Protein chains: 4
Amino acid sequence: MYGRDWETFLIPYEQAVEELKVKLRALRTELKRKEEYTPIEFVTGRVKKVSSIIEKAKILNIPLDEVEKVPDIAGLRIMCQFVEDMHRVAEHIRNRKDMVVVEERDYVTNRKPSGYRSYHFIVSYPVQTADGELELLAEVQIRTLAMNFWATIEHSLNYKYKGNIPANVRQRLVGAAEASFHLDNEMSQIREEILVAQILFETKSNT
Amino acid sequence: MYGRDWETFLIPYEQAVEELKVKLRALRTELKRKEEYTPIEFVTGRVKKVSSIIEKAKILNIPLDEVEKVPDIAGLRIMCQFVEDMHRVAEHIRNRKDMVVVEERDYVTNRKPSGYRSYHFIVSYPVQTADGELELLAEVQIRTLAMNFWATIEHSLNYKYKGNIPANVRQRLVGAAEASFHLDNEMSQIREEILVAQILFETKSNT
Amino acid sequence: MYGRDWETFLIPYEQAVEELKVKLRALRTELKRKEEYTPIEFVTGRVKKVSSIIEKAKILNIPLDEVEKVPDIAGLRIMCQFVEDMHRVAEHIRNRKDMVVVEERDYVTNRKPSGYRSYHFIVSYPVQTADGELELLAEVQIRTLAMNFWATIEHSLNYKYKGNIPANVRQRLVGAAEASFHLDNEMSQIREEILVAQILFETKSNT
Amino acid sequence: MYGRDWETFLIPYEQAVEELKVKLRALRTELKRKEEYTPIEFVTGRVKKVSSIIEKAKILNIPLDEVEKVPDIAGLRIMCQFVEDMHRVAEHIRNRKDMVVVEERDYVTNRKPSGYRSYHFIVSYPVQTADGELELLAEVQIRTLAMNFWATIEHSLNYKYKGNIPANVRQRLVGAAEASFHLDNEMSQIREEILVAQILFETKSNT
């Protein structure tokens, strides 16, 4: 179907997702063991469905014989507790030598009108296949749990309404996005309070 | 250490957690395939650390030679998008024939003063060991993503401050709990809006 | 295709295979930890392909609307180092309370003319679905590594020749089955030698 | 214990083993999907225990502060059905661009006196840690199922007798190694028979 051997085409993308899940989860484990605190809550990954790839190619004006230019066929998602953790994780992504960042989009500082917040990387990642090395694109999204919660529901609604979410539901979504943003702010303030408490404590301890 | 062969003692609990993770994830998969919507976002599980088991036994006044009465040595957690989904999942837990519910606690209707919200089951679950069947206790917690988000942070803070969270941080936590509660309410209202929209649509379609 | 919603039909079978893999691997882990030796090398599982289920139903004269009578839609395989271990594992299967053995076939004592050796159980296993409990059949095969090695190759050849393996290849297979049988015998003799050595050693130690 | 923070030291090795398992299994999956036959039966991996690392360092005259020179702290094992498959897999290892082969040992052509047969690679593999890239050594062993079967038992006996297997047991082991070698030969002959059969068939089909 869809005029191409999609199953074979997707093999290296599935491989990339599996490898990147293992690699990003290893970063989580390493930081947790060394610091007893990890900026990464959990990591998920998926290969885009064929029907969604075709749809996306259409939106991006990419002809189907150059479909490997669709940047999020392989997708990874990193969930963090705090907005501050997202920046630290982003820095780790930039420093890796097993992938090259080709694009960064900061939808946290600049939210989308829908209320969507997230930090996006497009990376170029080499996969070893039976026929040699293949360089492919993957998208890495970084989010707080609250951002992800909201985005999951927006995604369900978009799927349900096929992209045409009714005005009243969309308005509700903006309200929920506010609630999600507010929760992240509350959390950041707790985090700051803790850091201030620690500095006070350490200053006292040194005198 | 701790005067007992804890490693051997914990084997059946690890087994129970592995089995229950597989079983509860199967429920997720089944509902997703049949209804294209699942009330379960994801499922996690863990065996309590030995030091935490001993601490909990002390709090509950359970002598160490009856430590199997500590109800949450094996712990499972089910995360839902909506508060409404939690009730549906709870009903599935009650209907299962491979475990017996021995206790239910509804911290959603009756939140704890700290702001903690969650639905708790204690179940009795039979495990097959090399020496025969063993009936053991496990705790199953059901939460929304927002409840879980908040609880994760409270847990980190309790760990950091060894149970004595300072007053100002505790106050912030109550504020964050409010924000988490507010987010769940916003989400429930979106959900209702959708259901109303569907009923209107279906009524129209039938005329 | 094949006039039935096979995907939905197979959901509980996939669930059973996942649960039984976890349960049988737990037995492996438990014995390894307690005795530093385990009779189980590894455990695999699979759900039969739809085309193979239909083929098997035909061979067994089972009409497609009673296809749940095909006994190996859910299949588990337990690999052992020694033939002696197989009997111990078989005893564990018989003692479990989470499944009921409905049939046993001993192709070790009575090999098939092809050279096939293996121990087969058909068990009845209850699965909890969203709609209640479902009792289904599963096959549990117990093999040594050498038996499995041979059987894997016979399976490949049967697949390649669609059941009609040419006479000269079949003859070679019987030769290989002999070699596999011989290897198991050599291994059993090593095992005995070790046990004798231990008894001698322990007798000496006690004097 | 053992005068070093071994847990932290081993983190990148655990990471390497996880990554390489995923990568080598992906090769298995890719070949299976493209050719309906795979030279790889299964892949396992493990990090060496601390006590075994120290023992190995002693044998190799490596001081403990250069313990990263022990070449098999990270170990991968690839199991094949046929000896011929091993060579094909070895060629894939040599062609990969995500690791560099630093040593090859062919214990198949030149078996060890004990009867041990296997193909060994030492590779240098880069791991991304939170503190930057780390190049480490890993051992990749390639074996047939029969070679592995024998080696597993030799390993158990070496463990049991702490390296001093009694003469009569050792003699039995050589006998079992012969039986394992014989089984591999029988299998190779089946394989050849099949290939000859295919060539005959294809020649006929073309006339």
Side-chain angles (χ1 to χ4, degrees), chain A residues 5-40 43 45 47 74 76 85 88-101 123 125-136 140, chain D residues 5-40 43 45 47 74 76 85 88-101 123 125-136 140:
Chain A
D5 179 359
W6 285 99
E7 207 195 317
T8 303
F9 172 74
L10 290 179
I11 292 175
Y13 288 93
E14 283 161 23
Q15 193 178 328
V17 168
E18 284 314 302
E19 293 183 14
L20 289 170
K21 271 199 292 187
V22 164
K23 288 177 166 195
L24 296 171
R25 283 173 183 161
L27 178 61
R28 179 185 185 282
T29 307
E30 184 190 353
L31 292 169
K32 194 159 194 179
R33 285 206 196 160
K34 285 187 179 162
E35 312 184 4
E36 295 230 346
Y37 170 77
T38 172
I40 298 176
V43 176
V47 172
L76 279 297
D85 293 337
R88 190 166 164 214
V89 173
E91 195 55 26
H92 278 298
I93 298 292
R94 288 182 205 106
N95 288 341
R96 296 185 73 95
K97 291 195 171 136
D98 55 352
M99 56 183 76
V100 176
V101 172
V123 301
Y125 180 75
V127 159
Q128 310 301 315
T129 77
D131 308 318
E133 189 174 86
L134 189 72
E135 194 88 25
L136 50 78
V140 181
Chain D
D5 179 358
W6 285 98
E7 207 195 318
T8 303
F9 172 74
L10 290 179
I11 292 174
Y13 289 93
E14 283 162 21
Q15 193 177 328
V17 167
E18 284 315 301
E19 292 183 14
L20 289 169
K21 272 199 291 187
V22 163
K23 288 178 167 193
L24 295 171
R25 283 173 183 161
L27 178 62
R28 180 185 185 282
T29 307
E30 185 190 353
L31 291 169
K32 194 161 195 179
R33 283 206 198 160
K34 284 187 178 160
E35 310 184 6
E36 296 229 345
Y37 170 78
T38 172
I40 297 175
V43 176
V47 173
L76 279 297
D85 292 337
R88 194 170 161 209
V89 172
E91 194 55 27
H92 278 298
I93 298 292
R94 288 183 206 106
N95 289 340
R96 296 185 74 95
K97 292 194 171 136
D98 55 353
M99 55 182 78
V100 176
V101 173
V123 300
Y125 180 76
V127 158
Q128 309 301 315
T129 77
D131 308 317
E133 190 174 86
L134 188 73
E135 195 86 24
L136 50 78
V140 181

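Every chain is numbered from 1 and lettered A, B, ... according to where its sequence line falls, protein lines coming before strand lines. All values derive from a computational prediction rather than experimental measurement.
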Using 0.5 Å steps for rounding, measure from the CD atom of D:Glu14 to the OG1 atom of A:Thr29.
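With rounding to 0.5 Å, CD (D:Glu14) is 9.0 Å from OG1 (A:Thr29).
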
Do the side chains of A:Arg33 and D:Thr8 get nearer than 4.5 Å, heavy atoms only?
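Side chain of D:Thr8 against side chain of A:Arg33, heavy atoms only: no contact under 4.5 Å found.
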
Answer whether the closest heavy-atom distance between the side chains of A:Val127 and D:Glu30 falls below 4.5 Å.
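A:Val127 does not reach D:Glu30 side chain to side chain.
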
If I measure from the heavy atoms of chain A, does [X] come under 4.5 Å with its side chain, its backbone, both, or neither?
{"X": "D:Thr129", "result": "both"}
{"X": "D:Glu133", "result": "side chain"}
{"X": "D:Leu27", "result": "side chain"}

What heavy-atom pair brings D:Gln15 and A:Ala26 nearest, and what distance separates the two atoms?
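Distance-wise, the nearest heavy atoms are CG-CB, 3.3 Å.
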
Show the nearest heavy-atom pair for residues D:Gln128 and A:Lys97, with the distance to one decimal.
OE1-N, 3.0 Å

As an exercise: rank A:Gly132, A:Pro126, A:Ala130 by heavy-atom pairs under 4.5 Å with chain D and give me the winner.
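Most heavy-atom pairs within the cutoff with chain D belong to A:Ala130.
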
With a 4.5 angstrom heavy-atom cut-off, could you sort out which part of A:Glu91 is near chain D: side chain, backbone, both or neither?
neither

Are the side chain of D:Glu19 and the backbone N or O of A:Lys23 linked by a donor-acceptor pair below 3.5 Å?
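Not at all, since once roles are kept as given, no pair shorter than 3.5 Å links the two residues.
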
